Amino acid sequence: MLRPERMSKVSITGARSVMEEAIAVLHDLELMHLEEYDERWEGFRTGDPLESAESASEWLVTIRALQNTLKVDPAEVHPEMVESREVAADRLEEVRTAVTGLEDERTELMDEIRELNEELDRLEPLATLGIDLDLLQGYETVEVVVGKGQSSAIDQALSESDTIEAHELIEKDGVIAIVARATDGQASAISDALVGVELARLEIPEGSGDPASRRDEINHRLRQLEHDRERTNAELESIRLEHGGFLVTLEEELSIDVERAEAPIRFATTEHAFIAEGWVPTKRVPELESQMATVVGDAIEVDELEQMAYEPPHHHEATADGGDDLELHGNHPPVIQQNPSIVKPFEVFVQTINRPRYHELDPTIFVFLTFPFAFGFMIGDIGYGLLYMAMGWAVIRYTDSEGMWALGMIAVWAGIFTILFGYLYDDIFGIHMADLNLALPLAGTLDKGLQITEVAQLWIIFSILFGVIHLGVGYAIGFLNHLHHGIGEAFSESGSWLVVLIGLFAWIFTTESAGTAEWLPGEVDLLVTKIDLAGTDWTASVIKPEFLVGPESVLASNYMFDLGFEGFSETVAVVGLVLIIVGWAFAIKAEGFIAVIELPTNAFGHAVSYLRMMAVLLAKGGMAFVVNLIVFGGYEQTRTISGQEIDYVFFHLPGMGMPDGEAVFQGLVWMDPLVVTIPLAIFVFVFGHIVVLLLGITAAGIQMTRLELVEFFGKFYDGGGGRFEPFGYKRRHTEEH
């Protein structure tokens with residue numbers, strides 16, 4: 001689970017005469033990640049594809065072109081069993097001939113339709129004028145121009161031009177025909193005279209007769225062409241329905257043939273022998289050896305060169321092909337992440353950065369344990385949780401993508417924890433179930449702290465402590481990842497910051513130097529650290545809020561439960577300071593001066609970053625509260641909580657009676673006229689909670705993703721592992737035969 005599946009480096013050596021049989025066994029087993037031969041070995045060269053590769057590739061190109069033309073979707077057709085290759089070849093040629101003919105015909109039809117539509121666009125304004133085409137062109141002594149513009153401006157420009165002897169304008173529905181004779185017979189007299197006058201010229205098509213009649217002829221021809229195009233499309237659709245399954249099946253069979261035929265280009269070969277190297281899951285090496293022995297026999301030798309340890313790669317010498325010493329290369333095993341099925345969807349977080357290296361711990365299990373928990377804590381609502389689960393289920397049910405399936409499962413898990421925390425918060429769409437007279441066991445054990453300050457303060461501490469534990473686990477994993485360099489270097493690289501983190505927060509939660517800050521106005525009881533500097537008693541070096549430690553600490557007692565924790569002793573404070581100094585010293589030794597700069601962030605800043613959990617909790621809870629307040633209205637009552645009087649707002653829910661206290665807002669459901677306010681209240685309730693629901697995804701989801709990928713992974717994770725891609729083909733539409 002924390003380690004990828006153990007891999008073994010395997011070498012397969014054999015005579016070239018059995019190479020094709022060996023390839024078939026490897027392909028069917030789908031368990032060996034082949035490595036490319038890089039011509040390191042003297043006397044060996046990269047192998048050539050099998051003779052069948054070229055013809056199979058040509059077939060494959062033809063089939064995929066036909067699938068593209070026919071728009072064959074494998075999910076919409078029923079695969080057929082492929083006949084013998086001879087029969088399949090004849091059928092494929094028959095389909096190719098029919099499809100090619102219809103596609104050529106459709107292309108010709110489309111070209112003619114396009115040309116006629118272009119001509120129709122040119123004829124339309126000319127038909128408005130009602131002037132025959134032959135009257136608009138072919139003159140030697142006059143120039144004719146047709147266009148759109150302001151006739152008055154055009155007429156004035158032509159009248160004032162010295163180059164125009166005579167002109168006439170014919171206008172209808174904004175289309176103008178200009179006929180003019182130049183004084184010197186210039187062909188471009190009109191254009192020269194109209195410089196500066198807006199005129200959108202129209203092209204006059206070749207031909208004669210009435211443009212309207214020609215337009216009607218084109219429309220008639222277009223209807224014929226559209227009919228022919230629909231016929232060709234129908235015939236192509238018929239071919240798709242009849243032969244689509246055949247094409248899908250044959251494409252898969254040929255893909256397998258091509259993959260097998262091109263396998264030798266990864267091998268090292270001589271005139272009489274070949275060597276294939278790659279990675280095989282260690283537990284499946286005996287299966288590979290057994291199958292090779294059964295199918296190929298003694299002409300093949302399978303050697304397990306090395307069971308790769310979970311430590312950085314090293315050079316290793318092995319013997320192959322007659323006893324020459326060959327240096328194995330590429331000792332970087334591909335990675336198969338080993339996680340239980342319920343954890344596997346969360347691999348998407350890890351792979352967002354990159355797959356873990358073979359020698360790294362896989363952090364997926366920690367993401368599984370923390371992401372849904374933190375998401376549920378931040379949203380905490382039964383109604384929202386049910387909707388998140390429904391959304392996740394829909395994604396799982398209606399998408400085929402592996403990535404979308406993972407996101408759907410993550411949404412389901414997030415929904416489960418949102419429901420769990422919602423039950424503890426006693427919330428369903430922001431309404432307490434107790435206010436609906438539903439008193440359920442443990443419901444209401446927790447409170448979001450929207451109206452009770454000490455609860456919000458407790459969640460501040462909880463968020464930071466969650467961050468300390470989360471970051472501490474990250475530093476611990478980093479320590480384990482560096483152990484191969486020795487315990488000293490591992491401690492300097494990661495363990496030092498873990499010690500600093502523990503030391504700092506151990507000191508923060510102690511009662512060290514409790515007292516009164518005399519420099520503050522009034523008698524304000526705080527916990528401070530005093531420093532005697534140059535004989536002067538200075539205070540306010542560090543101030544610990546009284547809700548953090550001491551008798552008034554929310555960890556000692558609060559509205560929800562009493563923990564009785566007032567703070568660690570002063571002895572723990574001394575130990576904490578020692579840990580800070582020791583850890584920091586080792587960090588400086590490992591990183592140099594940069595460790596001095598990193599101390600505030602690595603020891604404190606990153607943990608404080610987890611306050612975003614508390615912020616999202618209050619923000620989303622507050623948004624739901626406002627939606628319900630607008631819809632139902634609320635009344636403010638004075639309640640005594642933890643010995644303090646606070647103003648607490650209750651919703652005025654229908655059927656639950658009138659709350660006592662002062663009205664904060666009447667609520668849409670209680671306003672007149674009800675015929676307007678009730679539909680409006682329903683809209684506000686539904687739309688408002690949808691907005692909160694979606695913002696919950698972006699707020700809680702994105703913020704926790706950031707904490708996972710930046711704060712947590714940043715303490716230990718490098719990534720960069722290769723994906724395990726076994727030589728083989730996962731059949732979807734065919735069966736081995």
Side-chain angles (χ1 to χ4, degrees), residues 1-11 31-36 38 40 277-285 288 303-318 326-340 343-344 346-370 470-498 586-587 590-591 708-727:
M1 187 160 56
L2 292 177
R3 292 291 189 184
E5 186 167 347
R6 184 176 289 276
M7 304 297 290
S8 290
K9 189 68 173 284
V10 174
S11 172
L31 56 76
M32 186 171 184
H33 178 102
L34 289 174
E35 289 195 335
E36 305 282 346
D38 60 3
R40 288 191 178 188
E277 282 193 352
W279 297 97
V280 177
T282 299
K283 65 184 180 183
R284 299 193 66 185
V285 171
L288 174 62
D303 292 323
E304 184 178 13
L305 302 174
E306 180 180 11
Q307 290 187 11
M308 200 64 184
Y310 295 119
E311 59 186 32
H314 58 277
H315 292 291
H316 179 80
E317 299 295 322
L326 305 177
E327 183 184 18
L328 296 179
H329 56 279
N331 270 18
H332 299 278
V335 173
I336 303 176
Q337 291 174 262
Q338 290 193 110
N339 290 297
V343 178
K344 205 157 192 65
F346 292 84
E347 291 177 359
V348 71
F349 281 96
V350 179
Q351 294 170 12
T352 297
I353 297 178
N354 211 326
R355 200 174 298 272
R357 292 177 300 168
Y358 184 77
H359 315 287
E360 281 186 300
L361 293 178
D362 182 355
T364 304
I365 182 63
F366 299 105
V367 179
F368 167 73
L369 294 174
T370 56
H470 202 216
L471 296 173
V473 171
Y475 283 129
I477 296 174
F479 174 80
L480 295 175
N481 281 339
H482 286 98
L483 268 180
H484 58 267
H485 295 304
I487 190 169
E489 185 169 343
F491 182 81
S492 296
E493 292 288 342
S494 296
S496 57
W497 289 116
L498 175 60
F586 275 93
E591 302 179 20
E708 297 282 8
L709 300 185
V710 178
E711 309 293 357
F712 181 55
F713 282 17
K715 303 299 173 286
F716 66 92
Y717 190 70
D718 292 323
R723 180 185 179 92
F724 179 72
E725 297 177 342
F727 174 64

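Residues take their numbers from the sequence shown, with the count starting at 1. Please read these numbers as outputs of a predicted model, since none were measured by experiment.
Gln337 and Glu5 share no side-chain donor-acceptor pair at under 3.5 Å. Remark: the Glu725 side chain and the Trp279 side chain contain no N/O donor-acceptor pair separated by less than 3.5 Å. His485 and Glu493 are not linked by any side-chain donor-acceptor pair at a separation below 3.5 angstrom, with hydrogens and angles left out of the test. Judged by distance alone, the side chains of Glu306 and Ser8 never bring a donor and an acceptor atom under 3.5 Å apart.
No salt bridge links Glu360 with Arg3; every basic N to acidic carboxylate O contact stays at or beyond 4.0 Å. Under a 4.0 Å N-O distance rule, the pair Lys9/Glu35 qualifies as a salt bridge.
With rounding to the nearest 0.5 angstrom, the OH atom of Tyr475 is 15.0 Å from the CG atom of Leu480. Interatomic distance, CG of Leu709 versus CD1 of Ile353, reported as 5.0 Å (0.5 Å rounding). Note: Phe716 CZ to Phe479 CZ = 15.5 Å, rounded to the nearest 0.5 Å. Of the inter-residue distances, the one linking Glu304 atom CD with Ser11 atom OG reads 12.0 Å to the nearest 0.5 angstrom.
Looking at every heavy atom in both residues, His33 comes nearest to Pro334 through CG-CG, 3.7 Å. Of all heavy-atom pairs between Phe366 and Ile477, the closest is CE1-CD1, 3.4 Å. Here the closest non-hydrogen pair linking Glu347 and Thr364 is N-CG2, 3.6 Å. The two residues Ser494 and Lys715 make their nearest non-hydrogen contact at OG-O, 4.2 Å. For Thr370 against Glu708, the heavy-atom pair with the smallest separation is OG1-OE2, 2.5 Å.
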Determine whether Tyr358 and Met7 satisfy the following criterion, side chain to side chain contact (heavy atoms under 4.5 Å, CB included), listing intermediate values before the conclusion. CA-CA 9 Å; Tyr358 184 77; Met7 304 297 290; 3.7 Å; yes
Is there a side chain to side chain contact (heavy atoms under 4.5 Å, CB included) between Val367 and Phe713? Walk through the geometry before answering. CA-CA 10 Å; Val367 179; Phe713 282 17; 3.9 Å; yes
Run the side chain to side chain contact (heavy atoms under 4.5 Å, CB included) check on His482 and Glu489 step by step: do they pass? CA-CA 7 Å; His482 286 98; Glu489 185 169 343; 5.5 Å; no
Apply side chain to side chain contact (heavy atoms under 4.5 Å, CB included) to Met308 and Arg6, showing your working. CA-CA 7 Å; Met308 200 64 184; Arg6 184 176 289 276; 5.8 Å; no
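In terms of modelled atom types and a separation under 3.5 Å, the side chain of Tyr717 and the main chain of Asn354 share a donor-acceptor contact.
Tyr310 and His359 have their aromatic ring centers separated by at least 6.0 angstrom.
Looking at Leu305, Val10, Asp303 one by one, the single match for side-chain contact (heavy atoms from CB on, under 4.5 Å) with Glu277 turns out to be Leu305. Across Asn339, Val335, Leu2, a single residue satisfies side-chain contact (heavy atoms from CB on, under 4.5 Å) together with Asp362, and that is Asn339.
For the pair Pro356 and Val350, the minimum side-chain heavy-atom distance is below 4.5 Å. Side-chain contact between Asp718 and Arg357 is present, with heavy atoms from C-beta onward closer than 4.5 Å.
Other residues, nucleotides and ligands place no more than 12 heavy atoms under 6.0 Å from the CD1 atom of Ile487. Heavy atoms from other residues, nucleotides or ligands lying under 6.0 Å from CZ of Phe586 number 12 at most.
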